[in-house]
Enquirer: 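Here's a structure for you.
Along the sequence shown, residues carry numbers from 1. Every value quoted in this text rests on a predicted model; they were computed, and no experiment measured them.
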Amino acid sequence: MRRFFAAPGQFTEHVVTLSQEETRHLRDVLRLKTGDEVQVFDGEGREFLCEIMEIRREGTSLRVIRETEPVAAESPLDLRLAVSFYKSDKLDLVIQKAVELGVSRLSLLVTARSEIKFHDAGKRTERFQKIAMEATKQCERAKVMQVDEPSTFENFMSDIDGSAGLLLMFSEKGGGSIPSPGENKKITALIGPKGGWDDTEIESAVGRGFVPVKLGRRIMRAETAAITFAALLQHRFGDLN
């Protein structure tokens, strides 16, 4: 079954209208036609079985047959990953795998040892959001992972408050075991850049309540640490069991 995205505002009571971009994929790539049935998800956790009624250049109209249960249920763990910028192709991989692993929110940070300057980071946000959308379609989630606009490490820290849940920081220096989030089931997890965290960043994070943790004794690449950390947290406290 082919899957398409339509924001809640594109739905009426019995009809949903796909965007021009989704229509191009439906018409030119998949070559679907009037009468074909497709799945449409709204990015907020709801999914619908629909029938194509009319394919136009500017959009496609579909009849909503019924709401269906998403194939991939959302994890009970509300997991936010905060990842330092590094080479684009590696970050593309992390975003894709974060979606597959059920991460609910991804924050992109420019840190002391990031491989990109802050003024260049914002140019990539739209690309990262598209990668997240395509990964959502592929893994059959009905909720799109939020990809934040880039932030400096300092601004990210200043925005952390009591709603962030359990605060974890992957750090090879001084890291310990992973504590339990308890009943909250909400975690904010920090993963540093290729060269590791600057000492001042570790001090700042600990001062805000982050707990340094270490994943064994082997040295991991930044992208490996991000994917492994997400998978481990979902296994311990989410739905990978």
Enquirer: Is it the case that the side chain of E201 and the backbone of D198 share a donor-acceptor pair, with hydrogens and angles ignored and the cut-off at 3.5 Å?
Expert: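 It does hold such a pair.
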Enquirer: Do V110 and S151 come within less than 4.5 Å of each other through their side chains, counting heavy atoms only?
Expert: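 No, too far: nothing below the 4.5 Å cut-off.
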Enquirer: So do the side chains of L81 and L190 get within less than 4.5 Å of each other, counting heavy atoms only?
Expert: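 SC-SC contact between L81 and L190 ruled out.
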Enquirer: Counting distance only, does the side-chain N/O of Q234 pair as donor-acceptor with the main-chain N or O of L101 below 3.5 Å?
Expert: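 The answer is yes, because a donor-acceptor pair under 3.5 Å joins these two groups.
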Enquirer: Please test T23 against D28 for side chain to side chain contact (heavy atoms under 4.5 Å, CB included), starting from the C-alpha separation and ending with a verdict.
Expert: CA-CA 8 Å; T23 293; D28 301 336; over 6 Å; no
Enquirer: Look at the side chain of T224 and the backbone N and O of M220, then say whether any donor-acceptor pair between them is shorter than 3.5 Å.
Expert: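 Pair absent, no side-chain N/O of T224 close to backbone of M220.
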Enquirer: Are side-chain N/O atoms of R80 and S104 paired as donor and acceptor at under 3.5 Å?
Expert: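 No.
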Enquirer: Under 3.5 Å, side chain of E140 to main-chain N/O of P70, donor-acceptor pair present?
Expert: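 No, the answer is negative, given that no donor and acceptor are paired below the 3.5 Å cut-off.
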Enquirer: With no hydrogens and no angle check, is any side-chain donor or acceptor of D36 less than 3.5 Å from a backbone partner on K33?
Expert: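 Present.
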Enquirer: Quick one: closest heavy-atom pair of P181 and K186, and the distance?
Expert: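 Heavy-atom minimum between the residues: CB-O, 4.3 Å.
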Enquirer: Between the main-chain N or O of V99 and the side-chain N or O of R141, is there a donor-acceptor pair closer than 3.5 Å?
Expert: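 Yes: the side chain of R141 pairs with the backbone of V99.
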Enquirer: Answer yes or no: is there a donor N or O on one side and an acceptor on the other, between the side chain of T188 and the main chain of A164, under 3.5 Å?
Expert: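 Yes; judged by distance alone, with no hydrogens or angles, the pair exists.
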Enquirer: Checking L77 against D239 for the side chain to side chain contact (heavy atoms under 4.5 Å, CB included) test, could you report, in this order, the C-alpha distance in whole Å, the side-chain angles of both residues, the deciding distance, and whether it holds?
Expert: CA-CA 8 Å; L77 177 64; D239 58 358; over 6 Å; no
Enquirer: I'd like to know whether CZ of R56 has more than 12 heavy-atom contacts from other residues, nucleotides or ligands below 6.0 angstrom.
Expert: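 Check passes, neighbour count above 12.
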Enquirer: Just by distance, do the side chain of Q10 and the backbone of A7 share a donor-acceptor pair under 3.5 Å?
Expert: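 Checking the backbone N and O of A7 against the side chain of Q10, a donor-acceptor pair under 3.5 Å is found.
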Enquirer: Any chance you could lay out the salt bridge (Lys or Arg N to Asp or Glu O under 4.0 Å) test for K143 and E74, step after step, and finish with the verdict?
Expert: CA-CA 8 Å; K143 189 171 184 179; E74 288 299 306; 5.6 Å; no
Enquirer: List in chain and number order the residues that pass side chain to side chain donor-acceptor pair (under 3.5 Å) with R105, two or more places apart in sequence or in another chain; answer none if no residue qualifies.
Expert: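 For R105 the side chain to side chain donor-acceptor pair (under 3.5 Å) partners, ignoring immediate neighbours, are D148.
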Enquirer: May I have the step-by-step check of salt bridge (Lys or Arg N to Asp or Glu O under 4.0 Å) for R46 and E67, ending in yes or no?
Expert: CA-CA 7 Å; R46 302 181 70 187; E67 185 171 355; 2.7 Å; yes
Enquirer: Looking only at side-chain N and O atoms, does Q39 offer a donor or acceptor that is under 3.5 Å from a partner on E47?
Expert: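 Short answer, yes.
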Enquirer: Would V206 and L167 show up in the same hydrophobic cluster when neighbours are defined by side-chain heavy atoms closer than 4.5 Å?
Expert: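 Same hydrophobic cluster.
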Enquirer: Hey, quick one: are V211 and I160 part of the same hydrophobic cluster, counting side-chain heavy atoms closer than 4.5 Å, chains of contacts allowed?
Expert: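 Looking at the clustering, I160 is in a separate group from V211.
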Enquirer: Identify the heavy atoms of G165 and N184 that sit nearest to each other, and give their distance.
Expert: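 Closest heavy-atom pair between G165 and N184: CA-ND2, 3.5 Å.
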Enquirer: Among pairs that include at least one residue of residues 28-53, which meet ring-ring contact (aromatic ring centres under 6.0 Å, His included), considering only residues two or more places apart or in two chains?
Expert: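 Qualifying pairs, neighbours excluded: F5-F41, F11-F48.
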Enquirer: Test L93 against I227 for side chain to side chain contact (heavy atoms under 4.5 Å, CB included), laying out the working first.
Expert: CA-CA 9 Å; L93 177 67; I227 296 168; 4.2 Å; yes
Enquirer: Quick one: CD on E54 to OG1 on T34, what's the gap to the nearest 0.5 Å?
Expert: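 Here the interatomic distance stands at 7.5 Å.
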Enquirer: Heavy-atom distance under 4.5 Å between the side chains of W197 and R113, does that happen here?
Expert: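 Contact flag for W197/R113 side chains = no.
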Enquirer: Taking F237's backbone N and O only, do any of them form a donor-acceptor pair with K185's side chain (distance below 3.5 Å, no angle check)?
Expert: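 Side chain of K185 to backbone of F237, a donor-acceptor pair under 3.5 Å: yes, one is there.
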Enquirer: With heavy-atom distances below 4.5 Å as the criterion, would you say the side chains of F153 and S204 are in contact?
Expert: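 F153 reaches S204 side chain to side chain.
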Enquirer: If only atom types and distance count, is the side chain of H235 paired as donor or acceptor with the main-chain N or O of L240 below 3.5 Å?
Expert: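 Confirmed, H235 side chain pairs with L240 backbone.
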Enquirer: List the steps, then state whether salt bridge (Lys or Arg N to Asp or Glu O under 4.0 Å) holds for E134 with K137.
Expert: CA-CA 5 Å; E134 290 305 313; K137 293 178 181 178; 3.7 Å; yes
Enquirer: Heavy atoms, side chains only, cut-off 4.5 Å: are M145 and V147 in contact?
Expert: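 Yes, close enough: below the 4.5 Å cut-off.
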Enquirer: Looking only at heavy atoms, what is the nearest atom pair of S171 and P212, with distance?
Expert: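 In terms of heavy atoms, the two residues are closest at CB-CB, 4.2 Å.
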Enquirer: Is there a path of hydrophobic side-chain contacts, each under 4.5 Å between heavy atoms, that joins F210 and V213?
Expert: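 Result: no, two separate clusters.
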Enquirer: Can you confirm whether F229 sits close enough to V83 that some side-chain heavy atom of one is under 4.5 Å from a side-chain heavy atom of the other?
Expert: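 No, side chains not in contact.
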Enquirer: If you compare all heavy atoms of G192 against all heavy atoms of A222, which two are closest, and at what distance to 0.1 Å?
Expert: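 Smallest interatomic distance, heavy atoms only, reads O-CB, 3.7 Å.
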Enquirer: Please tell me if the side chains of I178 and L215 come closer than 4.5 Å, counting only heavy atoms from C-beta onward.
Expert: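 Yes - at least one pair of side-chain heavy atoms lies under 4.5 Å apart.
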Enquirer: Kindly compute the distance separating NZ (K90) from CD1 (I95), expressed to the nearest 0.5 Å.
Expert: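 It comes to 14.0 Å.
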Enquirer: Would a hydrophobic clustering, with Ile, Leu, Val, Met, Phe, Trp and Tyr connected at side-chain separations under 4.5 Å, put F170 with I219?
Expert: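 F170 does not cluster with I219.
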Enquirer: Do F4 and R2 pass the side chain to side chain contact (heavy atoms under 4.5 Å, CB included) test, and can you show the C-alpha distance, the side-chain angles, and the key distance before you say yes or no?
Expert: CA-CA 7 Å; F4 297 91; R2 304 299 187 179; 3.8 Å; yes
Enquirer: Under a single-linkage definition using a 4.5 Å side-chain heavy-atom cutoff for Ile, Leu, Val, Met, Phe, Trp and Tyr, are M169 and M157 assigned to the same hydrophobic cluster?
Expert: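 Result: yes, single cluster for both.
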Enquirer: Measure the shortest side-chain to side-chain distance between I52 and T60 over non-hydrogen atoms and say whether it is less than 4.5 angstrom.
Expert: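 I52 reaches T60 side chain to side chain.
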Enquirer: Looking only at heavy atoms, what is the nearest atom pair of A230 and V103, with distance?
Expert: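 Shortest heavy-atom contact: CB-CG2, 4.1 Å.
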Enquirer: Taking all atoms of both residues into account, what is the closest heavy-atom pair of T111 and P193, and its distance?
Expert: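 Closest pair (atom of T111, atom of P193, distance): OG1-CG, 3.5 Å.
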Enquirer: Would you compute the distance between atom CZ of R124 and atom CZ of R127 and round it to the nearest 0.5 angstrom?
Expert: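 Nearest 0.5 Å value for the CZ-CZ distance: 8.0 Å.
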Enquirer: Could you state the interatomic distance from SG (C50) to NE2 (H14), rounded to the nearest 0.5 Å?
Expert: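 Spacing of SG (C50) from NE2 (H14) equals 12.5 Å.
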